[in-house]
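Just so it is clear, the model here is predicted, and its values are computed rather than measured.
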Amino acid sequence: MSAPCVRMSGRCVSQFLSCFSRTAVRNGGFRQFSSSSVSRAASQTQSVTDRVERASSPWTLMAAVCLQRLPVISSECSAIEQQFTHMMHQMELEKSLLSDHELRLLEDAERMSRKQADDYDSDEEDDRGDQEIMLTQDLEDSWEQKLKNFQPALRVTADVDKDLTSSERCLADSLLLLAEQQVGGEKLWLLPQTQWQEGETLRQTAERALASLPAAGFKATFLGNAPCGVYKYKLPKAARTESSVGTKVFFFKAILSDSCPPAAQSAPFLWVKKSELQRYLKPAYMMKVDRFILSQ
């Protein structure tokens, strides 16, 4: 029943346009309408309507950047991981062949045993003259001394780990950047964000939000042009208007690609682990952020 109605409505429109064009040409000599011009005019009208609707959207668009500093060193192994590592090393040792150094150790031990024997004949040894022979045990002793003189850097630095403004804290964990920003009448800890401006993409807005941090100097690599999450909230009913209902925040991921200079103690940003986010973020905001942050 619906198909005949559609055909009838399409036929009526086409007949109306053809009659209108013939009448216009016959009466005033106007140019005849074509289907392409009609469709082009309709598309232009639709695009203008879309721009007007976007401009008059009651939602404020914002973009935020989730800047992540990846782990610098490996994390500590758990008890079961240490047991498994020891087992694998033992299996590899039992199935492996002797190295050149181990073969030389056996040769030196055999030579020393021959020298201590009663029937030792020096002519059987290689003619080395007065050249001093360094045994493999001597090499191992020198290597052991070098190892004792080598002092590796500390894995845990208590003073730096307590400094939340330093990106060098907690080297075995992944850190996230939080910025203190003014929202309404209060200051909140959020992922760095700023309002979208006409003529720029949301990723460009996120890049501008990161560059606008005071004395930051962060160098980041953004992961794609599409947002990884969105957070939407409405204004209180008393503050809502027809042109302003709430805000939509689109999140973009980025990786810290270069070490940043040390920040002042009063810097309005923090480097925190995922387990520390709940101390600073609101529960509803934290729930949205937690979806796209992977645990290390």
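Met62 and Trp59 fall into different hydrophobic clusters, defined by Ile, Leu, Val, Met, Phe, Trp and Tyr side-chain heavy atoms under 4.5 Å apart, directly or through other members. When the side chains of ILVMFWY residues are joined at heavy-atom separations under 4.5 Å, either directly or via intervening members, Val183 and Leu178 end up in a single hydrophobic cluster. Residues Leu176 and Met286 are members of one and the same hydrophobic cluster, defined by side-chain heavy-atom contacts under 4.5 angstrom among Ile, Leu, Val, Met, Phe, Trp and Tyr. Criterion: ILVMFWY side-chain heavy atoms under 4.5 Å apart, direct or through other members. Under it, Leu188 and Leu235 are not part of a common hydrophobic cluster. Two different hydrophobic clusters hold Leu139 and Leu106 under the rule that ILVMFWY side chains link at heavy-atom gaps under 4.5 Å.
Across Leu223, Ile293, Ile255, a single residue satisfies side-chain contact (heavy atoms from CB on, under 4.5 Å) together with Cys66, and that is Ile293. Considering Phe251, Tyr233, Tyr280 in turn, Phe251 is the only one that fulfils the ring-ring contact (aromatic ring centres under 6.0 Å, His included) rule with Tyr285.
A donor-acceptor pair under 3.5 Å is absent between the side-chain atoms of Glu110 and the main chain of Glu107, judged by distance alone. The backbone N or O of Ser78 sits less than 3.5 Å from a side-chain atom of Glu81, completing a donor-acceptor pair. Side-chain N or O atoms of Ser166 include none that pairs as donor or acceptor with a backbone N or O of Asp163 at under 3.5 Å. Looking only at distances, no side-chain donor or acceptor of Asp173 sits under 3.5 Å from a matching main-chain atom of Lys273. Between the side chain of Arg208 and the backbone N or O of Gln195, at least one donor-acceptor pair lies under 3.5 Å. In this structure a side-chain-to-backbone donor-acceptor pair under 3.5 Å is present from Gln204 to Thr201. In this structure, Glu102 contributes its side chain and Ser99 its backbone to a donor-acceptor pair below 3.5 Å. Without hydrogens or angle criteria, Arg291 side chain to Cys228 main chain gives no donor-acceptor distance under 3.5 Å.
Annotation: the span from Gln181 atom CD to Leu190 atom CG amounts to 5.5 Å, rounded to 0.5 Å. The distance from atom CG of Leu93 to atom CD of Gln90, rounded to the nearest 0.5 Å, is 5.5 Å. The distance from the OG1 atom of Thr247 to the CG atom of Leu61 is 9.0 Å, given to the nearest 0.5 Å. In this structure, Phe150 CZ and Gln145 CD are separated by 15.0 Å, a value rounded to the nearest 0.5 Å. Taken to the nearest 0.5 Å, the OG atom of Ser167 stands 7.0 Å off from the CZ atom of Arg69. Atom CG in Asn225 sits 10.5 Å away from atom CG in Leu202 (nearest 0.5 Å).
Enclosure of atom CG in Leu147 by more than 12 non-hydrogen atoms of other residues, nucleotides or ligands within 6.0 angstrom is indicated. Other residues, nucleotides and ligands contribute at most 12 non-hydrogen atoms within 6.0 Å of the CD atom of Gln278. Counted within 6.0 Å of CZ on Phe84, heavy atoms from surrounding residues, nucleotides or ligands total 12 or fewer; the atom is thus considered open. By the neighbour-count criterion of 12 heavy atoms within 6.0 Å, atom NE2 of His86 is sparsely surrounded, having that number or fewer from other residues, nucleotides or ligands. Within a 6.0 Å sphere centred on CG of Asp141, other residues, nucleotides and ligands contribute more than 12 heavy atoms.
Pairing each heavy atom of Ala209 with each of Ala63, the nearest pair is CB-O, 4.2 Å. When all heavy atoms of Ala172 and Ser74 are compared, the closest pair comes out as CB-O, 3.9 Å. The minimum heavy-atom distance linking Leu191 with Val65 is given by the pair CB-O, 3.7 Å. The nearest pair of heavy atoms linking Ala206 to Ala64 is CB-O, 4.1 Å.
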*asked:* Before you tell me yes or no, could you show the steps for Val245 and Thr60 under side-chain contact (heavy atoms from CB on, under 4.5 Å), namely the whole-Å CA-CA distance, both residues' side-chain angles and the distance that decides it to 0.1 Å?
replied: CA-CA 8 Å; Val245 173; Thr60 301; over 6 Å; no
_Lys274 vs Asp290, salt bridge (Lys or Arg N to Asp or Glu O under 4.0 Å): CA-CA, chis, key distance, verdict_ = CA-CA 8 Å; Lys274 183 179 180 180; Asp290 185 68; 3.4 Å; yes
*Go through the steps for Thr165 and Leu270 under the test side-chain contact (heavy atoms from CB on, under 4.5 Å), then give the verdict.*
CA-CA 5 Å; Thr165 61; Leu270 302 175; 4.2 Å; yes
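Contact of the Leu67 side chain with the Leu256 side chain is registered, since non-hydrogen atoms from C-beta on lie closer than 4.5 Å. Residues Pro71 and Leu171 are not in side-chain contact: their nearest non-hydrogen atoms beyond the backbone lie 4.5 Å or more apart. With a 4.5 Å cut-off on side-chain heavy atoms, Leu175 and Val272 do not count as touching.
Between Glu168 and Lys162 there is no salt bridge, since no side-chain nitrogen of the basic residue lies less than 4.0 Å from a carboxylate oxygen of the acidic one. Between Glu144 and Lys148, no side-chain nitrogen of the basic residue sits less than 4.0 Å from a carboxylate oxygen of the acidic one, so the salt-bridge criterion is not met.
Checked against the 6.0 Å centroid threshold, Phe252 and Phe222 do not count as a close aromatic pair.
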